[in-house]
Student: 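Attaching a single structure in C-alpha cells format; questions to follow.
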Amino acid sequence: MIEPGRIEGAATVAPLPTRQAVEDWIAELQGDGRGRSDAERIDLIGALERLSCAAAGAQAILTTEFDESQRAAAAAAGVPAARQGRGIAAQVALARRESPHRGERHLGLAKILRREMPRTLAALRSGRITEWKATLIARETACLARDDRRLIDTELGADLDALEAMGERELAHTVRARACALDPASVAERRRQAEADRHTTLRPAPDTMTWFGALLSVKAGVAVHAVLHREADRLRAAGDPRRRGQIMADTLVQRIVSPHLAAVTDGTELPIVLNLVVPDTVLLGDDTAGGHLDDYGPVPGDLLREWIADHLDADLDVWVRRLYARPDTGELVAMDSRARRFTGALARFLRLRDQTCRTRWCDAPIRHLDHAEDNALGGPTAAHNGQGTCEACNYAKEASGWSARPRPGPRHTIETTTPTGHRYRSTPPPIRPLIRPTARPDIRVDLAWAPKVA
C-alpha cells in the first residue's frame with residue numbers, strides 16, 4: 001500500500017494544507033484584478049487553472065486515503081468485506097456537493113490513479129492536465145491488464161509538455177490507439193460489447209425541447225452524420241436561410257418520420273462518402289496498428305479491414321488514393337495551390353492532416369480552411385500556410401491584435417499571437433500517434449466508399 005501523502009515513485013512530499021489554510025486562500029481570491037495589465041490577468045487566469053487541476057489531484061489523494069481509512073475501520077469493527085465500502089462514495093459526493101453517482105465515479109477514478117496510474121496522477125497534481133483528461137486516460141485504458149495500463153501511464157508521463165499540449169479529443173484518440181496496439185484482442189472485445197449496447201435515448205431539454213441521442217457503431221454514426229452534413233451543405237449552397245445545425249436536425253426528423261421525402265429534388269440519392277486514412281501495412285494485415293476515420297478519429301486495423309472487405313463484397317463503390325507521410329513524424333506531405341481559397345485536393349488534404357480545429361486545446365470539428373498568414377498580406381495558399389479551424393476560432397483570429405504564421409519544425413507548426421502578446425504553437429496530430437521509425441516513406445491509403453442507390 002502507498003503511504004498517505006505520497007505518490008508512487010515520487011520523493012516524500014509535505015502534508016496537504018489544513019481546511020483553514022484553504023479557506024484563507026479562498027478569501028484571498030475574492031478580490032479583483034485592478035492594477036494589473038492584461039498580460040498579467042491572462043497569466044493569473046492560467047495559474048488559477050493550474051491551481052484548480054492541482055486541487056482535483058489533492059482531492060484524489062484525500063479520497064483514496066479516506067476510502068482506505070473507512071474500510072480499515074469497518075474491518076476492525078467486524079463488518080464483512082463485501083460491505084466495508086458502503087457509504088464511502090456517498091460521503092465523497094456530499095463533500096463535493098454532487099450526486100451519489102458522481103461520487104462513485106470520483107472514488108473509482110481516484111483509486112485507479114493512485115494504484116495504477118501514478119504518472120497521470122502526478123500530472124494532475126502539478127496542474128499539467130485537468131481532472132477530465134485524467135478520466136479520459138483511465139477510461140481508454142480500462143480494458144487493459146494492469147501492466148499495459150502502467151506502460152501507457154509511464155509513456156504519457158515521460159513527456160509532460162506533449163501531454164499538456166494535447167486537446168481532450170486528441171488525448172483520447174492517442175491513448176485508444178496505443179491501447180489497441182498493446183492488446184488488440186481486449187480492445188476488439190470491448191468494441192463488440194459496446195456495439196451490443198447500441199440504443200437511443202430521449203431526455204427533456206429547456207424551453208419545451210428534447211435531447212434525442214443514439215449510441216451507434218462508429219461506422220453507422222459517422223455515416224448518419226455524413227448524410228446530414230452533406231444535405232446541410234447542399235441546401236446552404238442553394239440559399240437555404242437556416243443554420244447548418246437546424247438543417248441537420250430537420251433532415252434527421254424528415255428522413256425518419258417521412259422517409260418518402262428523403263430523396264433530393266431530382267429524385268436521386270447522393271452517395272454517402274466516408275474517408276479513411278490507413279497505412280498500407282495495416283490494410284494488408286502486416287501491422288496491428290489502425291487508421292484514421294475522418295470526422296471521428298483512430299479506428300482499429302481489424303475493424304478497418306472488416307469494413308473494407310464488407311464493402312468490396314457488397315454493391316458499393318470504393319476509391320483508393322495514395323498519400324505519403326514522413327516516417328519520422330507521421331505528418332502527411334504537403335500540397336500547394338495558386339488559388340486564393342483552399343479547394344479540391346488541397347482542401348481534403350488539410351482536413352485529413354489537421355483532423356480537428358488547429359487552435360490549441362480546441363478539438364472542435366473543422367469548419368473553415370484558413371490562411372495562417374493572411375492572404376491579403378502575402379500569405380500563400382499552400383499547405384504550410386493553411387490550417388483547419390472551427391468557426392469561432394477563425395472569427396476570433398480576425399479581431400484586432402491577433403496574428404498567426406507558420407514556423408519551422410519537425411512537424412507542421414502554426415504560431416498564434418494574441419493581443420496580450422502571448423504565443424501558442426500547435427501541430428497536427430500524426431496519422432499514427434506512436435510512430436515506429438522505418439527506412440522508407442510510410443505509404444498511406446486514403447479510402448472512400450459510397451453505397452450505390454438503385
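Predicted, not measured: the structure shown is a model, and the values here were computed from it.
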Student: Quick one: closest heavy-atom pair of Leu182 and Asp148, and the distance?
Tutor: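 Nearest heavy atoms, Leu182 then Asp148: CD1-O, 3.9 Å.
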Student: Within the side chain of Asn385, is there an N or O that forms a donor-acceptor pair under 3.5 Å with the backbone of His371?
Tutor: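 A pair under 3.5 Å: no.
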Student: Check whether Arg358 reaches the backbone of Ser426 with its side chain - one donor and one acceptor, N or O, closer than 3.5 Å.
Tutor: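 Flag set: sc Arg358 to bb Ser426 pair under 3.5 Å.
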Student: Give the minimum heavy-atom separation between Ile137 and Leu171, together with the two atoms involved.
Tutor: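 Where Ile137 meets Leu171 most closely, the heavy atoms are CG1-CD2, 3.9 Å.
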Student: Between Thr420 and His422, does any side-chain donor sit less than 3.5 Å from a side-chain acceptor?
Tutor: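 Yes, His422 and Thr420 have a side-chain donor paired with an acceptor closer than 3.5 Å.
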Student: Hey, are the side chains of Ile61 and Leu121 touching, using non-hydrogen atoms and a 4.5 Å cut-off?
Tutor: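 Yes, at least one pair of side-chain atoms sits under 4.5 Å.
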Student: Going by side chain to side chain contact (heavy atoms under 4.5 Å, CB included), Thr427 matches just one of Thr413, Asp354, Ile414. Which one?
Tutor: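 Of the listed options, the one satisfying the test is Thr413.
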Student: Take Met117 and Thr141, measure what side-chain contact (heavy atoms from CB on, under 4.5 Å) needs, and give me the verdict at the end.
Tutor: CA-CA 10 Å; Met117 312 195 78; Thr141 57; 3.9 Å; yes
Student: One thing to verify: whether Arg146 and Glu116 come together as a salt bridge, which I'm taking to mean a side-chain N less than 4.0 angstrom from a carboxylate O.
Tutor: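 So Glu116 pairs with Arg146 through a salt bridge.
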Student: Taking only Lys NZ, Arg NE, NH1 and NH2, and the carboxylate oxygens of Asp or Glu, determine whether Arg96 and Glu131 approach each other closer than 4.0 Å.
Tutor: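 Between Glu131 and Arg96 there is a salt bridge, with a charged N closer than 4.0 Å to a carboxylate O.
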Student: Is there a salt bridge (charged side-chain N to carboxylate O under 4.0 Å, His left out) between Glu373 and Arg405? Walk through the geometry before answering.
Tutor: CA-CA 5 Å; Glu373 186 176 359; Arg405 58 176 178 167; over 6 Å; no
Student: Does Asp363 use its side chain to pair, donor to acceptor, with the backbone of Arg169 at less than 3.5 Å?
Tutor: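 At least one qualifying donor-acceptor pair exists.
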Student: With the side chain counted from C-beta on, respond yes when Thr416 and Thr359 share a heavy-atom pair under 4.5 Å apart, and no when they do not.
Tutor: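 Not in contact.
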Student: Could you go step by step and tell me if Ile112 and Arg149 meet the side-chain contact (heavy atoms from CB on, under 4.5 Å) rule?
Tutor: CA-CA 10 Å; Ile112 290 170; Arg149 196 177 215 177; 3.7 Å; yes
Student: Would you call Arg41-Asp38 a salt bridge at under 4.0 Å N-O?
Tutor: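 Asp38 and Arg41: salt-bridged.
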Student: Under 3.5 Å, side chain of Lys133 to main-chain N/O of Met166, donor-acceptor pair present?
Tutor: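 Judged by distance alone, yes, a pair lies under 3.5 Å.
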Student: Does the Gln30 side chain pair with the main chain of Ile26, one donor and one acceptor, at a distance under 3.5 Å?
Tutor: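 Such a contact is found between Gln30 side chain and Ile26 backbone.
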Student: Please report the shortest heavy-atom distance between Tyr395 and His368, naming the atom on each side.
Tutor: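 Scanning both residues completely, I find the closest heavy atoms to be OH-CE1, 3.5 Å.
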Student: Just wondering, do His225 and Leu228 contact through their side chains at under 4.5 Å, heavy atoms?
Tutor: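 No, too far: nothing below the 4.5 Å cut-off.
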Student: Stepwise, does the side-chain hydrogen bond (donor to acceptor under 3.5 Å, both in side chains) test hold for Gln355 with His173?
Tutor: CA-CA 11 Å; Gln355 302 177 22; His173 289 170; 5.3 Å; no
Student: Tell me, yes or no, whether the heavy-atom count around Arg242 atom CZ, taken from other residues, nucleotides or ligands under 6.0 Å, exceeds 12.
Tutor: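 Yes, because the 6.0 Å sphere around CZ of Arg242 holds more than 12 heavy atoms from other groups.
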Student: Just do the side-chain contact (heavy atoms from CB on, under 4.5 Å) check on Val224 and Val227 with the steps written out, would you?
Tutor: CA-CA 5 Å; Val224 169; Val227 170; 5.9 Å; no
Student: Hey, is Glu195 close enough to Arg192 for a salt bridge, meaning N to O under 4.0 Å?
Tutor: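 Salt bridge flag = no for Arg192 with Glu195.
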Student: Given the rule in the side-chain contact (heavy atoms from CB on, under 4.5 Å) test, do Lys111 and Thr63 qualify, once you have shown the distances and angles that lead to the verdict?
Tutor: CA-CA 8 Å; Lys111 293 164 70 173; Thr63 298; over 6 Å; no
Student: Mind listing the closest non-hydrogen atom pair of Cys357 and Cys393 along with its distance?
Tutor: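 Nearest pair, atom of Cys357 first, then Cys393: SG-SG, 3.7 Å.
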Student: Is it the case that the side chain of Ser99 and the backbone of Arg102 share a donor-acceptor pair, with hydrogens and angles ignored and the cut-off at 3.5 Å?
Tutor: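 Yes, the answer is positive, given that a donor and an acceptor are paired below the 3.5 Å cut-off.
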Student: Indicate whether the side chain of Gln59 and that of His106 have a donor and an acceptor atom separated by less than 3.5 Å.
Tutor: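 No donor-acceptor contact under 3.5 Å links the two side chains.
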Student: Would you name the heavy atoms of Ala383 and Phe349 that are closest together and state the gap between them?
Tutor: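 So the two residues come closest at CB-CE2, 3.6 Å.
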Student: Which atom names give the shortest non-hydrogen contact between Arg125 and Ala54, and what distance separates them?
Tutor: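 Heavy atoms of Arg125 and Ala54 come nearest at O-CB, 3.2 Å.
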Student: So for atom CZ, which belongs to Arg19, do other residues, nucleotides or ligands contribute more than 12 heavy atoms lying within a distance under 6.0 Å?
Tutor: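 At most 12 heavy atoms, drawn from other residues, nucleotides or ligands, come within 6.0 Å of this atom.
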